[in-house]
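In what follows, every chain begins at residue 1, and chains take the letters A, B, ... in the order their sequences are listed.
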Number of protein chains: 2
Amino acid sequence: MNLSTSEENYIKSIYHLQLVSNIVNTNSLAKELNTKAASVTDMLKKLKTKKLIQYERYYGFKLNDKGIQTALIIIRRHRLWEVFLVSKLGFDWDKVHIIAEDLEHVSSMELIKKLDTYLGRPKIDPHGDPIPDVNGRLPVIKQMNLFKLPLKKTGVVSSVGNQSPQMLEMLKHYGIGIGSQIKINKVFDFDKSIEIKLLKQPACIISEPVAKNIFVYDE
Amino acid sequence: MNLSTSEENYIKSIYHLQLVSNIVNTNSLAKELNTKAASVTDMLKKLKTKKLIQYERYYGFKLNDKGIQTALIIIRRHRLWEVFLVSKLGFDWDKVHIIAEDLEHVSSMELIKKLDTYLGRPKIDPHGDPIPDVNGRLPVIKQMNLFKLPLKKTGVVSSVGNQSPQMLEMLKHYGIGIGSQIKINKVFDFDKSIEIKLLKQPACIISEPVAKNIFVYDE
DNA sequence: TAAAATTTTTAGGTTTGTCTAAATTTATTT
DNA sequence: AAATAAATTTAGACAAACCTAAAAATTTTA
């Protein structure tokens, strides 16, 4: 099916929202897309006639199987381009999202297939998010919240939950990136802030909201 | 200035047409863009208010300096992506134009700068066309029509004039590509067809219209 | 040079995706 | 269970980019 850039953006946003809330409502999608509720309603009608979503007036909506499949293809394109931008062009990982937002809408199958091969069939993007395969299957990546990592045990940072520029800028400041080896020295019960230690860096303290968004492999 | 994909396509097409004819007319642009004359007129008004073209009703139009500069930036993006698709992703040179048509509208300056560096600051694209530099300057490439190549002298194919899929498909069939070493064995006066010889290939005959579109370096 | 043919523009309409403002429906209070 | 509040949808407009059909300007031809 041939989708417009706008339709693709709606599908992608619905996908992300329904990962959290199962059923999605108009206002939250409007907020996510920086648009108005009325515009969302218009698009929902269109996506329904294209059989990409389940939608009941005044109740809510979510992607059906075809919609999920479509979302995963778009996400695959996005994340492959992010890998390209970081690993080949040398972008910082906090700069690539906006550019990948444009590149992801170039829909040549052949292009994405060859890009994937060229990049060595990567399984995760520079933020640690899994890249769906050609068939839209997500690789399962076992990871845990940084809080669950036992004291003094080294973990490897695998992804970050919040990927706002603000968050990514801060992680860069701390020297935390995907693949960083990280250890918890101490948890301060007062505010749940934690002291962490990274290789070749002095220990530092991060707040609970930050720590909550860091995920690690256990090893 | 922020331009839409459509505006960029118009500017690019006007650029190509005015290389040949100095002043461009509505119908030829409509044909080039597979659209209707009325649509062209609409867009011309817009491009005029944006001060990218000189335009007089019923007379004709062409890009002004600002328009030419803009066109060269778009062409730079297009040709850099073509280099990427062929030299990094392994596409055949006759397959990349359509994909580059999409990629060229992704307008991040930083992206194109880094892509250029990554590709090694190429001066020509896979069709042998020169790539404008960051400032929109075209490298001068001295080449001549295959017909001007003296008999039995070896030349190097540097570009092709007609880049339709039909032409490119045929060149691929003959084994003619950018960089091919080529020699004229004989010119048949009857129809101006010529017998050519490429390295490691048997001699073959190409028609005048084909030969006219092949350009070579003298060496 | 007047008529015919061509080119170009205007007038008015369509689609996509957006908006505001008003009307509905659903949810929450009191 | 009304009344109020919030969320959602509809109605009607708008801009961009396109279209067809008709009008206007230019060019060609007889």
Any side-chain donor near an acceptor of the partner, A:His127 and A:Asp94, under 3.5 Å: no
How about NZ on A:Lys114, more than 12 heavy atoms from neighbouring residues, nucleotides or ligands closer than 6.0 Å, or not? yes
Rounding to a whole Å, what distance do you find between B:Leu44:CG and C:dT9:C1'? 11 Å
Determine which pairs satisfy salt bridge (charged side-chain N to carboxylate O under 4.0 Å, His left out) with at least one residue from residues 66-86 of chain A, sequence neighbours left out, and list them in order. A:Glu8-A:Arg77, A:Arg76-A:Asp116, A:Arg79-A:Asp125
Phosphate OP1/OP2 of C:dT8 contacted by B:Asn27 side-chain N/O (<4.0 Å): yes
Could you tell me how far apart A:Leu3 (CG) and C:dT15 (P) are, to the nearest whole angstrom? 19 Å
Looking at A:Phe84 versus B:Phe84, is the centre-to-centre ring distance below 6.0 Å? yes
Check whether the side chains of A:Ser28 and A:Asn25 place a donor and an acceptor atom closer than 3.5 Å, and report yes or no. yes
With heavy atoms under 4.0 Å as the rule, sort A:Thr26 into base, sugar-phosphate or nothing. sugar-phosphate
Compare side-chain N and O positions of B:Lys45 against OP1 and OP2 of C:dT10 and report whether any pair is under 4.0 Å apart. yes
Pair A:Gln143, A:Ser159: side-chain N/O donor-acceptor within cut-off below 3.5 Å: yes
Mind listing the N/O atom pairs, protein and nucleotides 18-26 of chain C, below 3.5 Å?
residue, atom, partner, partner atom, Å
C:dT18, OP1, A:Ser6, OG, 3.4
C:dT18, OP2, A:Ser6, OG, 3.4
C:dT18, OP2, A:Tyr10, OH, 3.4
C:dT18, O4, A:Asp42, OD2, 3.2
C:dC19, OP2, A:Thr35, OG1, 2.5
C:dC19, OP2, A:Lys36, N, 3.2
C:dC19, OP2, A:Ser39, OG, 2.5
C:dC19, N4, A:Asp42, OD2, 3.4
C:dT20, OP2, A:Lys36, NZ, 3.3
C:dT24, O2, A:Tyr58, OH, 3.3

Let me know the distance between CG of A:Leu47 and P of D:dT9, rounded to the nearest Å. 13 Å
Find the distance B:Glu56:CD to C:dT8:P and express it as a whole number of Å. 14 Å
Need one value for A:Tyr55: base, sugar-phosphate or nothing, where a base atom within 4.0 Å counts as base even if backbone is also close, heavy atoms only. sugar-phosphate
Taking NZ from B:Lys48 and C1' from C:dT9, how many angstroms apart are they, rounded to a whole number? 14 Å
If I take atom CD1 in residue B:Ile23 and atom C1' in nucleotide C:dT7, what distance separates them, rounded to the nearest angstrom? 15 Å
